[in-house]
Amino acid sequence: MRVRDLPLSQPVVDHFADRGVRELYPPQRAAVDAGVCEGADVVAAVPTASGKTFVAQLALLTAGGPGLYVCPLRALAREKYETFAALPGVDVGISTGDFDATGEALAGNDVVVATSEKVDSAIRNGASWVDELACVVVDEVHLLGAKRRGPTLEVTLATLRRRNPDLQTVALSATVDNPDAIADWLDAALVESEWRPVDLRTGVAVGGEVGFDDGTSLSVDVGPDETAGDGDGGEARDGDADDTDDPDATEVTAALVADAVADGGQCLAFVRSRREAVDLAERLAEEGLAAALGVEDAAAAAAEEATGVDGTMTGRQLADCLRAGVAFHHAGLRSGHRAVVESAFRERDVACICATPTLAAGVNVPARRVVVRDQRRYGEGGMSWIPTLEVHQMCGRAGRPGLDPHGEAVLVADADTREAVRERYVEGDPEAVESQLADPGALRTHVLAAVATDFAATETEILDVFEGTFYARETGAGGLADAVAVAVDDLVSAGMVARETGGVEDYRLVATAVGETTSKQYVRPETGERIVAGLRAAADLPEATTLTAFEVICDTPDMQDTYLGNAERADVYRFARRNAARLTTDMTDPDDFEGWLESVKTARILDEWIGGATVEELVDRYRIGPGDLDSRVERAEWLLSAAEALGETIGVRVPAVSRARSRL
DNA sequence: TTTTACTCGTTAATTGGCAAAGCCG
DNA sequence: AATTAACGAGTAAAA
């Protein structure tokens, strides 16, 4: 099947031909056969990099009206926006929390790219363009199994489809265990495929020996390379002979990376934590990878760029690594640093990125070889195996179409774990996607939204709204009845929703003014409640300052918490005591004292930030990553604006809130 | 004999990432 | 639960 036989305009066909796209990949052909170009609903469960974006473009280009492309990450939204904007004759708009490309009304665009939360928010705020859509494409739809964000995705999609029954729905998923359930939910045709444009072999490494799933094997030299020559024996025995006993996972990883780079291929190495990503990068910097790849100059240029971002310790470490042809990548990095790393890797100026799982789900950075050093991670209830789905996404980054003969994914294990790792990740299937809508917190949020937008005025009508969700299709909406009743009660006692007598049944549910503002500002009900209480308390304080404002917004579930080390606890405690007159919480009062102290720490950081402290100072005074500071500042802006709106709603003015906001 | 360097064992600290407002005619 | 950083004791080598 050829591109020029599809119902696309000539300029579009030429556009694809310019990029070497003339023939369809098998999964794309299957999607066309399923009717993506004729308005059919389709679910495509295919590996990453097997041409999902093209399927999305087909659906959006052939739909008889405006289209919406929903994806989970802002960085991905940007990437797709650029891809779509390159299509001839297509007006594209983008709408994410941090970025509105046009500023002009999104109604005029042929295609809008947005995150799911942004779409949800647009619906709550009554944006008109969502009702005029002819087609919606949901990328990474398996995310509806995610704890917090999954419910948003399924409720949003259900609402869109309910308000617009003719809407064509195309959902793109990673390979999961139950794509048929997702297809069933959407009454869509299922396209399932394991096909990839580049072969992928997956193997398990023990010591320097790798056994791949296709029967081939690979052997690399593991051992400390700083030993000048071997065989001097005698007293130096501890120094250089430890390659005889179990080499540790880091050394095996280093050897695997060095081996691939010697062969001209780039690598990604995944580890468990941020610190270990940095440590591994520094270890690999000793390997002379920049020289092996012949990119010393370009690597030095990238290091210069990284140095230019800021003067933090992290920045210096990154620059040092980049000079050696290595990089690390995790959420503690500022976006400027991340961008340098990503583009340097794509330009082939960097041999290896040592990363936490950020990179697995993020922007496109394919490599010849992927090494997954750690397969377990600390979570609730101790150390646990990383989900198979996630490891598969890491492995899926191996193999650059047209550049590598095949991709290789290597899981590092030891003799004891070899079989467990093989069974779980090489032979094992990814997990099934399960709805998280029954989670009480998620339900409260979406019940409030349904009431505040006038979609529902009774519990029965709320259940109708949820009728179209994945949860309802899997379990039956009736299963939600009790949970919805509890959520309504919670919202009533929180003052977000009121019961009014009259109407068809004996009472109607209406959102209170506070409930409505909370929903429109897109904060959780618990956050709205906390802010309202905090504003009232602040108004009574004799000396409410910006610190007061920060304390209120940091003590909400919408602000991420900041790690409070043992060494700092006493210090933060003294700080809280000193500033008791400016805090809305009585120190003897909070049930969750630890959590509150963390909030105070965050508030303190933000207050020093608006007081003129530099990133460098805050980063080493409070031991947080530079990127963490940025993201907290961003959230604070949002939450302070929500606080202002709520203050106006309840008629309480706290000047400190506006002052804090304007100084951020 | 004193000082420094290094090894080894014990204990304490630390452990992913992600999104969210406004609509102004 | 597991890994690593931090610390301190003990020992060998150097001054």
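Naming convention: chains lettered A, B, ... in sequence-line order (proteins, then strands); numbering from 1 in each chain.
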Item to check | Test side chain to side chain donor-acceptor pair (under 3.5 Å) applied to A:S641 - qualifying residues, sequence neighbours left out | outcome: none
Checklist entry - Which of residues 650-661 of chain A have a heavy atom under 4.0 Å from DNA chain B? => result A:R661
Item to check | Interatomic distance at C1', C:dT3 relative to B:dG16, whole Å | outcome: 16 Å
Item to check | B:dA21 OP1/OP2 closer than 4.0 Å to side-chain N/O of A:N125 | outcome: no
Listed pairs, N/O of protein and of nucleotides 15-20 of chain B, under 3.5 Å:
residue: B:dG17; atom: OP1; partner: A:A331; partner atom: N; Å: 2.8
residue: B:dG17; atom: OP1; partner: A:T356; partner atom: OG1; Å: 3.1
residue: B:dG17; atom: OP2; partner: A:R274; partner atom: NE; Å: 2.7
residue: B:dG17; atom: OP2; partner: A:R274; partner atom: NH2; Å: 3.0
residue: B:dC18; atom: OP1; partner: A:R338; partner atom: NH1; Å: 3.3
residue: B:dA19; atom: OP1; partner: A:R74; partner atom: N; Å: 3.2
residue: B:dA19; atom: O4'; partner: A:R149; partner atom: NH2; Å: 3.2
residue: B:dA19; atom: N7; partner: A:R635; partner atom: NH2; Å: 3.4
residue: B:dA19; atom: N6; partner: A:R635; partner atom: NH2; Å: 2.3
residue: B:dA19; atom: N1; partner: A:R148; partner atom: NH2; Å: 2.9
residue: B:dA20; atom: OP1; partner: A:G97; partner atom: N; Å: 2.3
residue: B:dA20; atom: OP1; partner: A:T115; partner atom: OG1; Å: 3.1
residue: B:dA20; atom: OP2; partner: A:R74; partner atom: NH1; Å: 2.9
residue: B:dA20; atom: OP2; partner: A:G97; partner atom: N; Å: 3.4
residue: B:dA20; atom: N6; partner: A:R635; partner atom: NE; Å: 2.7
residue: B:dA20; atom: N6; partner: A:R635; partner atom: NH1; Å: 3.0
residue: B:dA20; atom: N6; partner: A:R635; partner atom: NH2; Å: 2.8

Item to check | With A:T53 via side chain to side chain donor-acceptor pair (under 3.5 Å) - residues at least two apart | outcome: A:K80
Checklist entry - Quick one: salt bridge (Lys or Arg N to Asp or Glu O under 4.0 Å) pairs with a partner in residues 433-448 of chain A, sequence neighbours left out? => result A:R444-A:D490, A:R444-A:E526
Checklist entry - Between A:L106 (CG) and B:dG22 (P), how many Å, whole number? => result 13 Å
Checklist outcome for this item: A:E594 meets the salt bridge (charged side-chain N to carboxylate O under 4.0 Å, His left out) criterion, sequence neighbours left out, with A:R569
Determine all donor-acceptor pairs shorter than 3.5 Å in which one atom belongs to a side chain in residues 646-656 of chain A; sequence neighbours excluded.
residue: A:T649; atom: OG1; partner: A:T517; partner atom: OG1; Å: 2.8
residue: A:T649; atom: OG1; partner: A:A645; partner atom: O; Å: 2.8

Checklist entry - Starting at the 5' end of DNA chain B and moving along, which residue's nearest nucleotide shows up first, A:K520 or A:R623? => result A:R623
Next on the checklist: Mind checking if A:G379 touches a base, just sugar-phosphate, or nothing, with heavy atoms under 4.0 Å?
Outcome noted: nothing
Checklist entry - To the nearest angstrom, how far is A:D279 atom CG from B:dA13 atom C1'? => result 15 Å
Checklist entry - Would the A:F466 and A:Y471 ring centres measure less than 6.0 Å apart? => result no
Checklist outcome for this item: Sorted by chain and residue number, the salt bridge (charged side-chain N to carboxylate O under 4.0 Å, His left out) partners of A:K601 (sequence neighbours excluded) come out as A:E568
Checklist entry - Are any of the side-chain heavy atoms of A:I182 and A:F470 separated by less than 4.5 Å? => result yes
Item to check | Span of DNA chain C, from the first to the last nucleotide whose atoms fall under 4.0 Å of chain A heavy atoms | outcome: C:dA1 to C:dA5
Next on the checklist: Please list all pairs meeting salt bridge (Lys or Arg N to Asp or Glu O under 4.0 Å) that have one or both residues in residues 655-664 of chain A, counting only residues at least two apart or in different chains.
Outcome noted: A:E644-A:R661
Checklist entry - Residues in side chain to side chain donor-acceptor pair (under 3.5 Å) with A:S384, at least two apart? => result none
Item to check | Pairing residues for A:R373 by the side chain to side chain donor-acceptor pair (under 3.5 Å) criterion, not counting sequence neighbours | outcome: A:T250, A:E276
